[in-house]
**Q** 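I have a structure I would like to understand better, so I am pasting it below and will then ask my questions one at a time.
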Protein chains: 2
Amino acid sequence: MSNKNFSRKEQILESAAMLFKQNGYASSSMRDLASLLGIEAASLYHHVKSKEEILENICFALADKLITSIAEVNDIYFNAEEKLRSAIKNHIEIITDNSNFSAVFIHEWRHLSEPKLGEFKTLRLAYENEFKVIIQEGIREDIFDGVDEKFATLTILSTLNWVIEWFNKDGEMTPEEISTKLSDFILGGLRKKLVTDLDYKP
Amino acid sequence: MSNKNFSRKEQILESAAMLFKQNGYASSSMRDLASLLGIEAASLYHHVKSKEEILENICFALADKLITSIAEVNDIYFNAEEKLRSAIKNHIEIITDNSNFSAVFIHEWRHLSEPKLGEFKTLRLAYENEFKVIIQEGIREDIFDGVDEKFATLTILSTLNWVIEWFNKDGEMTPEEISTKLSDFILGGLRKKLVTDLDYKP
DNA sequence: AATTTTGTCTAACATCTGTTAGGGATATGA
DNA sequence: TCATATCCCTAACAGATGTTAGACAAAATT
């Protein structure tokens, strides 16, 4: 596979992600995608094996990025709060940096069929687990409340993933600002805190 | 429209919601829906005008329930924290009680076409606004942190809506328990609190 | 008993779907 | 210069899609 071919495939994946984000996977036809690229539908099959292969490539590309990123966070030693803040920051960075891919990763994965569907779920579970480990560590270090770990993990991730619903590269907030706000919210909650709070950082 | 007709239509909507939740609106065919009801696809058109009318009915039914519910909360006087807890409780009650309809309401509304799409967005915005008013009240009463109101509102709603992703009527947690956990999490955050916290309730 | 209404059926339509076959042009490498 | 690989094309397929027309039986109403 030559360089040119590879970059053409990347173009296809990027256009597909944009299309799938906007209309959903099932409502996006290969003809729609082709016309977005200025070619005929049949020509797509020179670069991809099937429509589903496109979905697979998008979903797994993002899964890989997220898993690589959180493995790094967990490797470096920080206390749990710092780890959580890093994990949140990385997550937000990745999904805002790849907003089309992420939207597909988050919403369209269920259109995968077996065996890829199973593999995908495994990867996603692995990622969630790395997050859960951080929460558990925080509880062990006694800096997090003894909340239901699984519940907390999934609540946090759903909050993070919601960002792609409204994020706009030209919008008011930078990914960095979003991460900080979300971290503060997740750690501190809505209720007003006294300055005597344990570890309270404004 | 007779009683029997009406109840048949309700059956159709309920089956459709189940189907749309499982496969998505675009991937669910009228023939799929019909066979779920034990009839032929053409027979559906005696009860509904089109496939999209089904989607409309589902989306707007849930929008109405939510809006009615939060209007009641805002009418009765409570302090902001109580109001927020009530709003959260009602929201969770409604979406767990109508889990198929809610899933469609949350995920499939974008397949509506104009003008219904616009009307739907208006209703949803109205609901979000009622939530925002509660947050603003809490800030005015100085019991909530002076967070970005819009940001906080949408973060909270995304957290609540995520519940339909995993909620199961026969599962471990009751809607009541879910509401409490979520309220605590949203208000108090993850970080451990000292008992000297303002208004801290365990 | 006669008539209308209701709910379903079969048959068919036009259009859209993912995908394949095979051909032709351009660029690459020997 | 010749052979090969790359990229796109047209044409077509088989099946699925939402929807309509019209017929028929059962039920409700008169």
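Residue numbers begin at 1 in each chain, while the letters A, B, ... track the order of the sequences. Keep in mind it's a predicted model, so treat the numbers as computed, not measured.
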**Q** Can you tell me if the side-chain N/O atoms of A/Ser29 get under 4.0 Å from OP1 or OP2 in C/dT17?
**A**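 Looking at the OP1 and OP2 atoms of C/dT17, one of them is under 4.0 Å from a side-chain N or O of A/Ser29.
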**Q** Nearest whole Å is fine: how far is C/dT19 C1' from A/Glu52 CD?
**A**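 The distance from CD of A/Glu52 to C1' of C/dT19 comes to 14 Å, rounded to the nearest Å.
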**Q** Does A/Phe105 have A/Lys65 sitting over its ring (NZ/CZ under 6.0 Å from centre, angle to axis within 45°)?
**A**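 The answer is no, since A/Lys65 fails at least one limit relative to A/Phe105.
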**Q** From C/dT8, D/dT19, D/dC8, pick the nucleotide closest to the side chain of B/His47?
**A**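 Selected nucleotide (nearest to the side chain): C/dT8.
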**Q** I want to check a possible cation-pi pair here: B/Lys132 against B/Tyr127, using under 6.0 Å from ring centre and within 45° of the ring axis as the test.
**A**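 No - B/Lys132 does not lie over the ring of B/Tyr127 by the 6.0 Å and 45° rule.
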**Q** What integer distance in Å separates B/Leu37:CG from C/dC9:C1'?
**A**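 So the two atoms are 15 Å apart, to the nearest Å.
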**Q** CD of A/Glu40 versus P of D/dT10: gap in Å, rounded?
**A**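 The answer, rounded to whole Å, is 5 Å.
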**Q** Round to the nearest Å and state the distance from A/Tyr45 atom OH to D/dC7 atom P.
**A**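 Atom OH in A/Tyr45 sits about 18 Å away from atom P in D/dC7.
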**Q** I need the CG-C1' distance between A/Leu44 and C/dT17, as an integer number of Å.
**A**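 The answer, rounded to whole Å, is 14 Å.
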**Q** Considering only C/dC9, D/dC8, D/dG18, which nucleotide approaches the side chain of B/Ala42 most closely?
**A**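 In terms of side-chain proximity for B/Ala42, the closest of C/dC9, D/dC8, D/dG18 is C/dC9.
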**Q** Rounded to the nearest Å, what distance is computed from the CG atom of residue A/Leu33 to the C1' atom of nucleotide C/dT19?
**A**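 Rounded to the whole Å, the gap is 14 Å.
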**Q** Ion pair present between A/Arg85 and A/Asp184, side-chain N to carboxylate O less than 4.0 angstrom?
**A**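 The answer is yes: the pair qualifies as a salt bridge.
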**Q** Run through B/Leu157, B/Ile156, B/Ile70 and flag the one making a side chain to side chain contact (heavy atoms under 4.5 Å, CB included) with B/His91.
**A**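 Of B/Leu157, B/Ile156, B/Ile70, side chain to side chain contact (heavy atoms under 4.5 Å, CB included) with B/His91 is met by B/Leu157 alone.
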**Q** Where the side chain of A/Ala41 is concerned, which of C/dT10, C/dT19, D/dC8 is the nearest nucleotide?
**A**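 Output: C/dT19.
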**Q** To the nearest Å, how far apart are B/Met30 CE and C/dC9 P?
**A**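 Rounded to the whole Å, the gap is 14 Å.
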**Q** Going from CG on B/Leu55 to CG on B/Leu112, what distance comes out if it is rounded to the nearest 0.5 angstrom?
**A**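 If we round to the nearest 0.5 Å, B/Leu55:CG and B/Leu112:CG are 4.5 Å apart.
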**Q** If the cut-off is 4.0 Å, is A/His46 near the phosphate of D/dA5, judged by side-chain N/O to OP1 or OP2?
**A**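 Answer no for this pair, as no side-chain N or O of A/His46 is under 4.0 Å from OP1 or OP2.
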**Q** How would you label the contact of B/Ser28 with the nucleic acid (heavy atoms, under 4.0 Å): base, sugar-phosphate, or nothing?
**A**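 Sugar-phosphate, no base atom in range.
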**Q** Between A/Ser43 and D/dC9, is there a side-chain N or O to OP1/OP2 distance below 4.0 Å?
**A**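 For A/Ser43, the contact criterion (side-chain N or O under 4.0 Å from OP1 or OP2 of D/dC9) is met.
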**Q** Expressed as a whole number of angstroms, how long is the span from A/Arg31:CZ to D/dA11:C1'?
**A**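 A/Arg31 atom CZ is separated from D/dA11 atom C1' by 11 Å.
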